2 protein chains.
Amino acid sequence: MPAPTPAPSALPTGPPAAAGARRRAGRPTAAILDQDGITTAALELISSKGYDGLTMAALARSLGVAPSALYNHVASKDDVLLLVEDHLAAMVDVTAFGVEPWDAAVRRWAWSYRDVFSEHTPLIPVIAVLPVANAPKTLAMYEAVTAGFRDAGFPEEKIISAIVALEAFVFGAAYDVTAPEDIFDAGSLAEQVPNFTAAVDRLALENHPRPTDVAFSLGLEALITGFGALRG
Amino acid sequence: MPAPTPAPSALPTGPPAAAGARRRAGRPTAAILDQDGITTAALELISSKGYDGLTMAALARSLGVAPSALYNHVASKDDVLLLVEDHLAAMVDVTAFGVEPWDAAVRRWAWSYRDVFSEHTPLIPVIAVLPVANAPKTLAMYEAVTAGFRDAGFPEEKIISAIVALEAFVFGAAYDVTAPEDIFDAGSLAEQVPNFTAAVDRLALENHPRPTDVAFSLGLEALITGFGALRG
DNA sequence: CCAGTAAATGAATGGCGTTCATTTATGTCT
DNA sequence: AGACATAAATGAACGCCATTCATTTACTGG
């Protein structure tokens with residue numbers, strides 16, 4: 001009869017932290033991984049190394065685990081991105097719906113939504129195609145927004161379309177935030193596009209701290225005004 | 001004295017097409033590759049195999065060339081995507097500016113822009129960060145749009161912001177086109193999000209052929225109306 | 001208590017973008 | 001005309017990536 005597990009190295013090392021002595025093969029006494037831990041580690045990795053640094057190997061490494069172990073808890077790397085997305089969706093501010101007037105609530109929601117995802121644009125292609133059934137927190141966000149629109153007197157058949165349109169604008173604007181400042185510098189071709197160059201220069205004269213915010217505000221206010229007129 | 005090149009296989013094979021006999025190493029008599037050819041081949045590959053099929057190896061293969069040869073003409077795969085993007089920008093319809101009224105011209109431009117890029121969403125992350133100086137045809141599109149706004153009496157300092165906002169909406173909407181039909185099916189969580197589910201069902205009752213077009217139209221008309229009011 | 005399943009390791013796989021040494025042809029300078 | 005830099009191709013190699021599989025070990029339900 002084999003002696004009881006010979007204490008691999010020490011007491012269970014508090015947090016599911018780094019790699020000390022190598023773990024031997026086989027199921028460990030206490031599970032090391034779960035989806036929450038994977039999500040948290042992924043977020044930390046993203047914030048320290050960016051999305052380029054988010055590899056399955058790096059993720060496993062930060063969890064003190066072999067890469068293949070991850071696949072007991074997620075089906076793929078896209079699955080990890082989905083977990084991250086859903087976590088972020090919960091950070092979007094929907095608290096104004098039902099409290100502040102409709103237009104103020106939409107404003108708060110949209111700005112918050114854009115700010116959260118502007119740091120996570122690589123998720124946008126994933127979200128855009130993501131069936132909501134797989135993302136409970138995202139779904140909860142939609143529920144809050146939908147209720148806000150309904151309570152504000154929006155015709156029910158237009159609510160989803162309006163949200164989809166707002167969301168499209170938010171995602172596009174999130175990319176815009178990440179663009180380099182000189183993105184509109186035409187360089188040597190400037191003379192060939194005089195109207196464009198003039199408009200770019202004219203905007204620069206205004207000296208806005210964040211031009212991208214000006215464009216976002218301009219578009220968002222137009223959408224809010226336009227949609228506001230649909231309410232009954 | 002070596003005999004003049006011993007006719008590698010046959011007469012120059014018309015189009016720069018497929019791979020017959022292997023070419024021997026060294027610079028060929030006539031250049032096989034150029035950026036135009038690479039762009040065309042990339043577009044064909046994308047349309048036949050999708051963006052997953054667009055690999056440097058596959059691209060080289062379709063041009064009858066070794067992968068490393070591509071790097072004499074482009075710096076990276078992103079560079080190829082940039083070439084493709086610029087080609088597509090030239091397909092966006094800006095002809096209505098200066099011909100039709102401003103609102104109709106914006107409408108035509110935006111629908112066309114969305115339609116072109118909805119088939120090429122993997123380019124969007126590239127475009128969003130792309131300095132226009134590297135994309136002459138894209139720049140030409142901006143010039144036409146800017147001129148249209150100016151001639152319509154737009155205050156010059158708001159032109160770029162308005163275009164940026166419209167573009168953000170267009171890009172987001174382009175993703176939306178690619179989403180699966182049942183993206184809003186909450187599945188087993190439906191009971192937990194009654195307002196959302198009701199709104200989704202209510203929209204479905206309308207039986208629109210393309211719900212995504214309804215959302216796009218709704219948002220676009222709001223932007224056009226809102227921005228139209230800025231004209232002097 | 002025993003079978004089935006869950007959770008880990010570690011080795012292996014195939015594909016990817018990219019680099020580099022090498023070969024051959026072109027174009028320019030003297 | 002000859003020399004030489006440069007351009008454009010090949011082919012071998014690199015490192016990284018996500019993912020799979022056989023294997024080991026531990027937990028759990030009948």
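Since this is a predicted model, take the numbers as computed values, not measurements. First the proteins, then the strands, lettered A, B, ... as listed; each starts at 1.
Of the residues D93(B), V170(B), D213(B), the one that meets the side-chain contact (heavy atoms from CB on, under 4.5 Å) test with W111(B) is D213(B).
In this structure, M91(B) and S112(B) approach most closely via the heavy-atom pair O-OG, 4.1 Å. In terms of heavy-atom proximity, P125(B) sits nearest to T121(B) at CD-O, 3.5 Å.
Heavy atoms of T55(A) sit under 4.0 angstrom from primed sugar atoms or phosphate atoms, though from no base atom. Backbone-only contact: A31(A) has heavy atoms under 4.0 Å from sugar-phosphate atoms and none from a base.
With DNA chain C read from its 5' end, the first of the two nearest nucleotides for D52(B) and A30(B) is the one closest to D52(B).
Note on R23(A): a side-chain N or O is less than 4.0 Å away from OP1 or OP2 of dT9(C).
Straight-line distance from the CD1 atom of I32(B) to the C1' atom of dA25(C): 12 Å, rounded to whole Å. Between the C1' atom of dT19(C) and the CE atom of M56(B) lies a distance of 12 Å, rounded to the nearest Å. Between K77(A) atom NZ and dG15(C) atom P the separation is 19 Å, expressed in whole Å. Nucleotide dT10(D) holds its C1' atom 12 Å from the CG atom of L70(B), rounded to whole Å. What separates CG of L59(B) from P of dG15(C) is a distance of 18 Å, to the nearest Å. As a whole-Å value, the separation of N72(B) CG from dT23(C) P is 17 Å. At whole-Å resolution of the value, OH in Y51(B) and C1' in dG15(C) are 21 Å apart. Per the geometry, OH belonging to Y71(B) stands 17 Å off P belonging to dA21(C), to the nearest Å.
The main-chain N or O of H73(A) is found under 3.5 Å from a side-chain atom of Q35(A) such that the two form a donor-acceptor pair.
The side chain of L33(B) has dA9(D) as its nearest neighbour among dT9(C), dT18(C), dA9(D). Listed candidates were dA18(D), dA8(D), dA11(C). Nearest to the side chain of H73(B) is dA8(D).
Side-chain N/O atoms of E167(A) and Y175(B) include no donor and acceptor closer than 3.5 Å.
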